[in-house]
Amino acid sequence: MMTFSYNPDWWHLLTGSFMSNALIAGVLIAVAAGAVGYFTITRRSTFAAHALAHIGLPGATGAVLLGLPVSWGMGVFALGGALAIGALGKKASQREIATGTVLAFATGLGLFFARMSSSATKQMQSILFGSILTISRSELLGFAVFDAVLLMVLACAYRPLLFSSLNEQVAQAKGVPVRLMGLLYMALMAGVITVATPAVGTLLVFALVVTPSATAIMLTRSPLSAMVCSTLLCFGSIWGGLLLAAMFPFPPSFIIVTISAALWLVVRLVTGRNQH
């Protein structure tokens, strides 16, 4: 049984090498989640974002089964699921059906892979709930490369992606390649899910990708300011969670999610606004 106690040596723990990796990962994850999370809200794709994490589950368990890095398998399955949802769902209602169908199949496949390997079964907890304290230097390099690619893609496609996210019908009438922008968004979201999952797991990743952006939209007016605010909120949630986890015996992912949800609730109550 876990007992509630205060760790007086929390600063020594916070400056350890494994914690340094976690703190750096928090910055990189916040940048990715903050940038794409805004489009998730404006495109009303929160269910798809939540589903993609679960769609990556069979990739993660399958990678363990084959002796490959978990992030590779999760990334491949999340991207494949994202493109399938984007291709099958032209309209919002169709996307919901496609998302649910792909999600159900992927969840079943993930459990099947887990039953085939004792190693995959043992790693299910870290896959589902995250393990930010075990992130390695090589994973940090992968996060940094993804962030660089993500920011370059957004810089090039920002205006058409934003236009199609805010008003799809008008954007299509103006000649914006709405279908392509939808596939691009889904691919970027798959990458963000893959990057954020090691921190809080597939079950809780919603709290980093969606909740900070929903909070930021209630606090800001412009898209860019919302993205910056979302990044800062996500960053604060992760670093705050790591700090409290060093001071008290709580799982980091639990505290990270709690801080993120608490910030959303406080802003919602104080401003009286809701995300659109």
Side-chain angles (χ1 to χ4, degrees), residues 10-37 40 49 52-53 56-57 59-60 63-64 68-75 78-79 123 125-152 154 188-213 216 227-248 250-261 263:
W10 63 269
W11 179 253
H12 178 72
L13 181 63
L14 198 64
T15 55
S17 59
F18 68 95
M19 189 66 80
S20 298
N21 288 349
L23 292 171
I24 296 172
V27 176
L28 298 174
I29 291 170
V31 170
V36 177
T40 302
L52 282 180
L57 176 63
V64 175
L68 299 173
V70 171
S71 58
W72 291 11
M74 177 165 288
L79 179 59
Q123 291 199 31
Q125 182 172 351
S126 63
I127 293 171
L128 292 175
F129 298 101
S131 183
I132 192 172
L133 298 179
T134 62
I135 290 177
S136 64
R137 288 285 179 178
S138 60
E139 287 179 302
L140 291 180
L141 178 60
F143 294 173
V145 171
F146 174 77
D147 278 8
V149 173
L150 171 67
L151 293 177
M152 286 189 293
L154 287 180
L188 293 177
M189 176 53 65
V192 173
I193 293 294
T194 303
V195 167
T197 295
V200 292
T202 59
L203 294 180
L204 306 175
V205 72
F206 191 92
L208 292 185
V209 177
V210 174
T211 306
S213 295
M227 292 179 199
V228 172
C229 182
S230 175
T231 298
L232 294 175
L233 290 170
C234 186
F235 166 76
S237 298
I238 296 175
W239 274 43
L242 291 172
L243 173 62
L244 291 176
M247 300 173 69
F248 303 100
F250 294 120
S253 57
F254 162 73
I255 306 179
I256 291 170
V257 171
T258 300
I259 293 174
S260 180
L263 289 172

First locate atom [atom1] of [X], then atom [atom2] of [Y], and finally report the distance between them rounded to the nearest 0.5 Å.
X      : Y      : atom1 : atom2 : value
Leu28  : Leu23  : CG    : CG    : 11.5 Å
Phe18  : Thr134 : CZ    : OG1   : 11.0 Å
Ser138 : Phe143 : OG    : CZ    : 9.0 Å
Leu208 : Ile193 : CG    : CD1   : 9.0 Å
Trp10  : Thr15  : CH2   : OG1   : 9.5 Å
Thr258 : Leu244 : OG1   : CG    : 10.0 Å

Considering all heavy atoms, the nearest [X]-[Y] contact:
X      : Y      : answer
Leu133 : Met19  : CD2-SD, 3.8 Å
Ala207 : Ser260 : O-OG, 2.7 Å
Ser230 : Ala33  : OG-O, 4.5 Å
Ile255 : Gly241 : CG2-CA, 3.7 Å
Ser237 : Leu263 : OG-CD1, 3.9 Å
Thr194 : Gly75  : OG1-CA, 3.3 Å

Criterion side chain to side chain contact (heavy atoms under 4.5 Å, CB included) on Arg137 and Ile24, from CA distance to verdict: CA-CA 10 Å; Arg137 288 285 179 178; Ile24 296 172; 3.9 Å; yes
Sorted by chain and residue number, the side-chain contact (heavy atoms from CB on, under 4.5 Å) partners of Leu232 (sequence neighbours excluded) come out as Val228
Walk me through whether Val205 and Leu52 qualify under side chain to side chain contact (heavy atoms under 4.5 Å, CB included). CA-CA 10 Å; Val205 72; Leu52 282 180; over 6 Å; no
List the steps and the verdict of side chain to side chain contact (heavy atoms under 4.5 Å, CB included) for Leu13 and Met247. CA-CA 9 Å; Leu13 181 63; Met247 300 173 69; over 6 Å; no
What's the verdict on side chain to side chain contact (heavy atoms under 4.5 Å, CB included) for Phe254 and Val200, showing C-alpha distance, side-chain angles and the deciding distance? CA-CA 8 Å; Phe254 162 73; Val200 292; over 6 Å; no
For a 4.5 angstrom cut-off between non-hydrogen side-chain atoms, does Ile238 reach Ile132? yes
Is there a side-chain contact between Ile29 and Val192, using heavy atoms and a 4.5 Å cut-off? no
